[in-house]
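See structure below.
These numbers come from a predicted model, not from an experiment. Each chain gets a letter, A, B and so on, in the order the sequences are listed, and its residues count up from 1.
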Amino acid sequence: MESTYNHKAVEAAAQSLWSSTNAYTVVENDPRFPKGQYYACSMLPYPSGKLHMGHVRNYTINDMMYRQLRMRGYNVLQPMGWDAFGLPAENAAMKNNVPPAKWTYENIAYMKKQMQSMGLAIDWSREMAACNPDYYKWNQWLFLKMLEKGIAYRKTQIVNWDPVDQTVLANEQVIDGRGWRTGAVVEKREIPGYYFKITDYAQELLDPVSNPDSPDFLKGWPDRVRAMQENWIGKSEGVRFAFPHEIKDANGKLIQDGKMYVFTTRADTIMGVTFVAVAPEHPLAVWAAESDPELAPKIEALKAGGTTEAELAIKEKLGEPTKLFVTHPLTDVKVQVWVGNYVLISYGDGAVMGVPAHDERDFAFAQKYGIEVRPVYQLKLPIGDMMPGQHPERDAYVEQVDAKGSWKAWYAAKTDDPLEAVALERICPNPYNDLSPQKCVDAVAADLAAKGLGAKRVTWRLRDWGISRQRYWGTPIPIVHCDEHGAQPVPYDQLPVVLPEDCIPDGSGNPLHKHEGFHKGATCPVCGKGARRETDTMDTFVDSSWYFMRYTSPGNANAMVDERNDYWMPMDQYIGGIEHAILHLLYARFWTKVMRDVGLVKFNEPFTKLLCQGMVLNHVYSRKNEKGGIEYFWPTDVENSFGADGRVIGATLKSDGSTVDYGGVTTMSKSKNNGVDPQDLIERYGADTSRLYMMFTAPPEATLEWNDSAVEGSWKFLRRVWAYAAKHEAALRAGIAGPRDESKFSDAAKNLRREIHTTLKQINFDFERIQYNTVVSGCMKVLNAMEATDAAAITPPALAECFSILLRVLYPVCPHITQGLWRELGYEACCGELLNVAWAEVDEKALVSDTVELVLQVNGKTRGTVVVPSGADKATIEAAAAASPEVAKYGEGRAPKKIIVVPGRLVNVVV
RNA sequence: GCCCGGGUGGUGGAAUUGGUAGACACAGCGGACUUAAAAUCCGCCGCUUUCGUGAAUAGCGGGCGUACGGGUUCGAUUCCCGUCCCGGGCACCA
């Protein structure tokens, strides 16, 4: 064999072997795999042009899992596909004047080649692309089913409209209120669109992420992802009730029929209401502005600022009083209406009851405007003693068990005159004083219901999923518009509605409008007359909501999925970026439940286990240039300077020493000039080194700050593996072929086997918990142990066994070099192809040793070790420990008071 | 502001249910080989120079050490309470 490692030749040979044997094509119920199916899948990539480091990391994790489990006897499926619809293709089309389809297909071809060069064990016979009519036909099919079931419906939506380009803009395409391309002021327009009633499934989507007792609880998901979904769904249980009023508009009509509704989760504090606040867009605020010219601009000003950023949480609570009053539903006291900048029109009824004593925001607001604070629960601190930012409720909850009598205390404090206090209380008594908060909520809700003014209500943050996009490159929504019969679904037998692939968007409007054959070439299914085809396409999240099930049923032209899907699904392990923790994973769960309700699948949840691999980050360096633009610098062209705490405080350019700004670490991107192309790495060191380094440098879920200075180390390790094989080729060959009689193994062989099987045990554990960085370090330990032992002293069959363990445990990370050595050394001729060889199992007999070394502690401090025969009983160990010189020295001659023995590990002598 | 993670050598990171902290590497330092370089191999590598013993900033011994302050325990990186800092998520959600 070659004396040195030639990665190019080795990798080419392995890859051509795999492709010539279709090594990774899997079939259902394959009898070769006694342990049954295992479906391990990565989130499908967008074909942007080429792979980035995040992809390499994601797919290497997936591939390691694949190879290890397959060797363990599982029928493993690792498919791949393309999230091929979407906006970037349209933008590229405009820039390069090529149809999005062509651009997309070329990218797919290139990226597929890159994946093959990584040595990924993908079953390409199941490849899918979202832009293929064979795939998106089923988006359309299920859409029609959802229309039938009422899960899909049509309503008008407010969108960002660019008046120059005549197109709809996504939120992120609106910059400072202007279109990103045209700079035109963006208008809000109401246009009709289709929605999915995901809210109907809210409770069913919530339980598996929030309730550990739910039968579908997703215990194989990271806690943080479950928490994010739970927050996103946002269930809150409370009471919705009305403040009656007689406020009339200019036409003399009662506004909102004389009832101002609010929602609260704290109905128990209803007796503490001292004001109400409405959003600036609320009908009462609108009327207040119309009827008071001085107030109008002030209310307008309250609309300023976004409402979706975290910074709002610390924004100052601002408001304006109006001349309007509503009536407290239980006490009939008049309550002033304020307009507040912290009230959101989009949540609940756009109005809140103000209880300064028991709500932090209400408290801040009341403090600012001198509104009365009226506690319902006894407070720990008098209101006057509270510091700014300190909120009464925190303390109030502590004391809430003693709510009884609190109002009396408060009234008494408000006036020195006990008679007046009694009088005040009579005006506004609190009948709920004796109740616990939860009982109080029930009682208040009952009283409001009796008056016909309110009821308990569950409110959700989750909104229905709007799927209409006024874009070209997406799944056509299968609807036609007839002048006579309106919007009509396309009949099932006319699916798919095929998207023309020859359009080149120019940025103005939807090119499908101009495509006569598409737009005008439809007929009404009711009357058969000519009709216009819907030109809106579906949100690309629709495509990604079920692609993983299409992998299971490739080539089926008659059904979305078939019985093969029942074999593979639910997916055992899903792997992808944390950035999809909410939307994609929620939509896929919803879509699965819809498929279940249509009778296509029998399970409730699609992903049993979820792994979110950490992001790959790199440093960012930039500087403002003369033109005012920002210039980014390649990280390796920059020298850092460090502060006393070791953090980067500044940076200079290596070329001329000029200073640049250090921007911390962020995700790699072309625009920030900090993306590392994995192809460079693969070409220079090979796929195995790249994979090894990627896995070794950080655990899969941790973020990884890119630094390739250690790649050389991984490269060096693989060269050592090869060199060891080349140096000991003869002994290894002899060991593979020779008879194996363990009773004749030399002591050196026994010692080496003990060490390697101990390490193997750890490696197996690390594979199970998906801690692949320590799997790699385990592989290094195996080689270190072999190199540290004189090979001549090792019985050849033992040497061959040890090296075969190394090749097998290293195989999932570095399949090429291990496959190459397996064949070169003759393992293949004897035991078959490495991919199909059984995983290395720990030989418990090899772990046994005559003596065992225990850690010796005196008074809890480690002082040395004590060697005892393995299997020694407690008394023997205690005696050995007590007799040790360390105990004599550190125990200062005192007799042991107590001896703690942890079998196999440690003995602690307390004197 | 709230929720979820996290804080360990110069660096990436290890330590399975509390049991020898720093595995495995990278960088660095010293050495071997070589005409030289590369490659390779061997050794050292948390702090304490003023804690002891040494001529010694060598060895040996001791002490300290897992963000900080407490606690539980024979024993704490690990468990509990409090504080600070960093990262991610979010919804001023009534």
### Task
Please state how far atom CD in A:Glu705 lies from atom C1' in B:C86, giving the value in whole angstrom units.
11 Å
### Query
Roughly how far apart, to the nearest Å, are B:U40 and B:U50 at atom P?
39 Å
### Task
Provide the closest heavy-atom pair for A:Pro208 versus A:Arg589 in the form atom of the first, atom of the second, distance.
CG-NH2, 3.4 Å
#### Entry: Spacing between A:Asn707 atom CG and B:G13 atom C1', to the nearest angstrom
13 Å
### Pairwise P distance for B:C45 and B:G30, with rounding to whole Å
15 Å
Which pairs, protein N/O on one side and nucleotides 59-64 of chain B N/O on the other, fall under 3.5 Å?
from	atom 1	to	atom 2	distance (Å)
B:G62	OP1	A:Tyr890	OH	2.1
B:G63	OP1	A:Arg863	NH2	3.3
B:G63	OP2	A:Arg863	NH1	3.4

#### Entry: Sequence neighbours excluded, every pair satisfying salt bridge (Lys or Arg N to Asp or Glu O under 4.0 Å) that has a member inside residues 224-235 of chain A
A:Asp223-A:Arg226
Anything under 3.5 Å between a donor and an acceptor, one on a side chain of residues 895-910 of chain A, the other on a protein residue two or more places apart or in another chain? List them.
from	atom 1	to	atom 2	distance (Å)
A:Asn908	OD1	A:Gly860	N	3.0

#### Entry: Separation of atom CH2 in A:Trp221 from atom C1' in B:C4, rounded to whole Å
16 Å
#### Entry: B:C2: pairing nucleotide in any strand, Watson-Crick or G-U under 3.5 angstrom
B:G89
### Donor on one side chain, acceptor on other, A:Glu712 and A:Tyr685, under 3.5 Å
yes
### Message
Please report the distance separating the P of B:G69 from the corresponding atom of B:U77, rounded so that it comes out in whole Å.
### Response
13 Å
### Message
Checking A:Asn784 now: which residues fulfil side chain to side chain donor-acceptor pair (under 3.5 Å) with it, not counting sequence neighbours?
### Response
A:Arg720
### Task
For RNA chain B, determine which residues of residues 754-770 of chain A have any heavy atom closer than 4.0 angstrom to one of its atoms, and list them numerically.
A:Gln762, A:Phe765, A:Arg769
### Message
Distance check, C1' atoms only: B:G9 and B:C47, in whole angstrom units.
### Response
10 Å
### Task
Go along nucleotides 21-29 of chain B 5' to 3' and tag each nucleotide: B for a protein heavy atom under 4.0 Å from its base, S when only backbone or sugar atoms are that close, - otherwise.
S-BBSS---
### Query
What orientation do A:Phe241 and A:Phe243 show, parallel under 30°, tilted 30 to 60°, or perpendicular over 60°?
tilted
### Query
With both distances kept under 3.5 Å, what pairs with B:A36, Watson-Crick or G-U wobble?
none
### Query
Among all residues two or more places apart in sequence or in another chain, which pass the side chain to side chain donor-acceptor pair (under 3.5 Å) test with A:Glu853?
none
### Task
Could you pull out all residues at least two apart from A:Glu878 that satisfy side chain to side chain donor-acceptor pair (under 3.5 Å)?
A:Lys874
Any protein N or O atoms within reach of nucleotides 30-34 of chain B? Criterion: under 3.5 Å, listing atom names and distances.
none

### Task
Name the nucleic acid region contacted by A:Val909, choosing base, sugar-phosphate or nothing; use a 4.0 angstrom heavy-atom cut-off, strictly under.
nothing
## Note on the structure
The complete set of salt bridge (Lys or Arg N to Asp or Glu O under 4.0 Å) pairs with one or both residues in residues 765-777 of chain A, sequence neighbours excluded, reads A:Asp766-A:Arg769
### Task
Would you please name every residue forming a side chain to side chain donor-acceptor pair (under 3.5 Å) with A:Thr265, sequence neighbours left out?
none
### Task
Any salt bridge (Lys or Arg N to Asp or Glu O under 4.0 Å) involving residues 770-786 of chain A? Give me the pairs, sequence neighbours left out, ordered by first then second residue.
none
### Message
Can a donor-acceptor pair be found, under 3.5 Å and without considering hydrogens, that links the side chain of A:Asp362 to the backbone of A:Val355?
### Response
yes
### Message
Between B:C4 and B:U83, how far apart are the two P atoms, rounded to whole Å?
### Response
15 Å
